[in-house]
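Notes to accompany the following structure.
The structure displayed is predicted, hence computed values, not measured ones. All chains are named by letter (A, B, ...) in the order of the sequence lines, taking the proteins before the strands, and each is independently numbered beginning at 1.
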2 protein chains.
Amino acid sequence: MVTAEASQERADSRRKRLRLIEAARSAIAEHGLQASTTDIVERAEVGVGTLYRRFGSKEALVADVLIDGLAEIQTWADAALIDADPWAALSGFLYAFTEAQLANLGLAEFTSGQARELPPEVAEHGSLLAAAIDRLVRRAQEHGSLRADVTWRDLVLISIAPIGGEECLGATRGENQWRRTITIALDGLRAPAASALPPE
Amino acid sequence: MVTAEASQERADSRRKRLRLIEAARSAIAEHGLQASTTDIVERAEVGVGTLYRRFGSKEALVADVLIDGLAEIQTWADAALIDADPWAALSGFLYAFTEAQLANLGLAEFTSGQARELPPEVAEHGSLLAAAIDRLVRRAQEHGSLRADVTWRDLVLISIAPIGGEECLGATRGENQWRRTITIALDGLRAPAASALPPE
DNA sequence: CAGTAACGGAGAGCATCTCTCCGTTCGGAG
DNA sequence: CTCCGAACGGAGAGATGCTCTCCGTTACTG
């Protein structure tokens, strides 16, 4: 998405297109998928007209940015799948996935299903990622380190668990607060399970 | 808050005031703290004027509703504190607290600090509740059933963990999905701890 | 240098929200 | 039952914020 086909794109045009994508990424990370076009073009230091000439709609730009983010996480999941230690691969991926969502509110909104009316292409990338997480889960279960009764859905839910608690009950949110939550959950994910899970 | 001092309030006036509070409760539960006045008065089947004559502002009505909700949860925490089994008391409270927030989006927003510009009275009720949860945590730790390195903050973060995942990655959200997440977390909270938590 | 692709940003047009104002209704005391 | 004023309903003022279009201006490139 970020890479363009080597057409006769004018140099300034290309520069501003890349600036727009980067600006959209940071605006969406901070304010979520409904970050305003005004916010995006101010960060990019371009006019609104430029955004609409290049992308046609705000939705198309948002989709580009989301797909970029999902593709990056996909590479992490794929790398984890060839890690020698299935438990370390799973837990490392879980920390990274959570951190990515904490750093990018838009991504967290997509993961938790709050996204509205996105192009089907985005959903496809989401499904690919879900499949990779499913493989990670099964591999760790076959290895015997992950409790047998969890599914990829449980993993994804745990990954977004710390999102809502960013600034909680007046607490000065520490850098490490989310790591504590994930660590507790990972302890609960270890085999053997201490108690039975309710059915899905 | 719901109960009025026995003044010479006209019967119809009292009826509509109670209807407004109940309507606000359900609107806030469904749409969060920024539920619109229009939504509230339609549920209550009264005019907007009635809302503003009785409560002065939307914010005052929202605060009333929030305080009611917090007070109810406070009674659960207080009851848990005199339960004979500290672990059962803690885990039972955690399930109930989470369920209450799932059933009331506004409450979840307040807990996770997304509330803006609420009267200080609401924050005071939040602090009272936090103190009660702190006592629940310490009691279970002294009893030896809860790992020693968690705090009330960890508990609150876990309680709001399932909120974001209501409808996740296209999954048809099951009634029990949140219970699975909480159960996994509780298994991770049991003493002895499998791994050390990062410092707060 | 000329031609034209790309640009900037004012503002149209729409949606939505809170709160006010005032003519109307109706509860309840005498 | 009558009557008075407390309580009511809801149109709409006024504010904000959003996406997207249009067109005069700028500046890249052959």
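- Atom CD of Glu42(A) and atom P of dA10(C) are 11 Å apart (whole Å).
- Atom CG in Leu33(B) sits roughly 12 Å away from atom P in dT18(C) (whole-Å rounding).
- What separates CZ of Arg17(B) from P of dG9(D) is a distance of 15 Å, to the nearest Å.
- Gln177(A) and Asp154(B) are linked by a side-chain donor-acceptor pair at a separation below 3.5 angstrom, with hydrogens and angles left out of the test.
- Summarising the geometry, the separation between CZ on Arg43(B) and P on dG9(D) is reported as 18 Å, rounded to the nearest angstrom.
- Here Val41(B) lies out of heavy-atom contact (under 4.0 Å) with every strand.
- We find that CD of Glu9(B) is positioned 8 Å from P of dA7(D), with the value rounded to whole Å.
- With hydrogens and angles left out, the side-chain atoms of Gln114(B) and Ser112(B) include a donor and acceptor closer than 3.5 Å.
- Grouping the Ile, Leu, Val, Met, Phe, Trp and Tyr side chains by contacts below 4.5 angstrom, directly or via other members, places Leu146(B) with Trp76(B).
- Nearest nucleotide to the side chain of Ala11(B), out of dG27(C), dG8(C), dT19(D): dG27(C).
- Checking dC7(C), dG27(C), dT19(D) against the side-chain heavy atoms of Asp12(A) singles out dC7(C) as nearest.
- Mapping Arg19(A) and Glu59(B) onto DNA chain C via the closest heavy atom, the residue that lands nearer the 5' end is Arg19(A).
- Among the nucleotides dG9(D), dT21(D), dC18(D), the one closest to any side-chain atom of Ser36(A) is dC18(D).
- Nucleotide dT18(C) holds its C1' atom 15 Å from the CG atom of Leu20(B), rounded to whole Å.
- Phosphate proximity of dA6(C) to Thr50(A): absent, as no side-chain N or O sits under 4.0 Å from OP1 or OP2.
- When each of Ala35(B) and Arg15(B) is assigned the nucleotide of DNA chain C with its nearest heavy atom, Ala35(B) is the one assigned upstream, toward the 5' end.
- For Arg190(B) and Ser145(B), the side-chain atoms include no donor-acceptor pair closer than 3.5 Å.
- With hydrogens and angles ignored, no donor-acceptor pair under 3.5 angstrom links the side chain of Arg10(B) to the base of dA7(D).
- A residue-by-residue look at Thr37(A) and Arg53(A) shows that Thr37(A) has its nearest nucleotide of DNA chain D further toward the 5' end.
- Closest to the side chain of Lys16(A), from the set dC18(D), dC7(C), dC20(D), is dC7(C).
- Distance Lys58(A) NZ to dG17(D) P: 15 Å, rounded to the nearest Å.
- Rounding to whole angstrom units, CZ of residue Arg14(A) and P of dC7(C) are separated by 13 Å.
- Here Glu45(B) does not pair with Lys16(B) in a salt bridge; the nearest charged N to carboxylate O distance is not below 4.0 Å.
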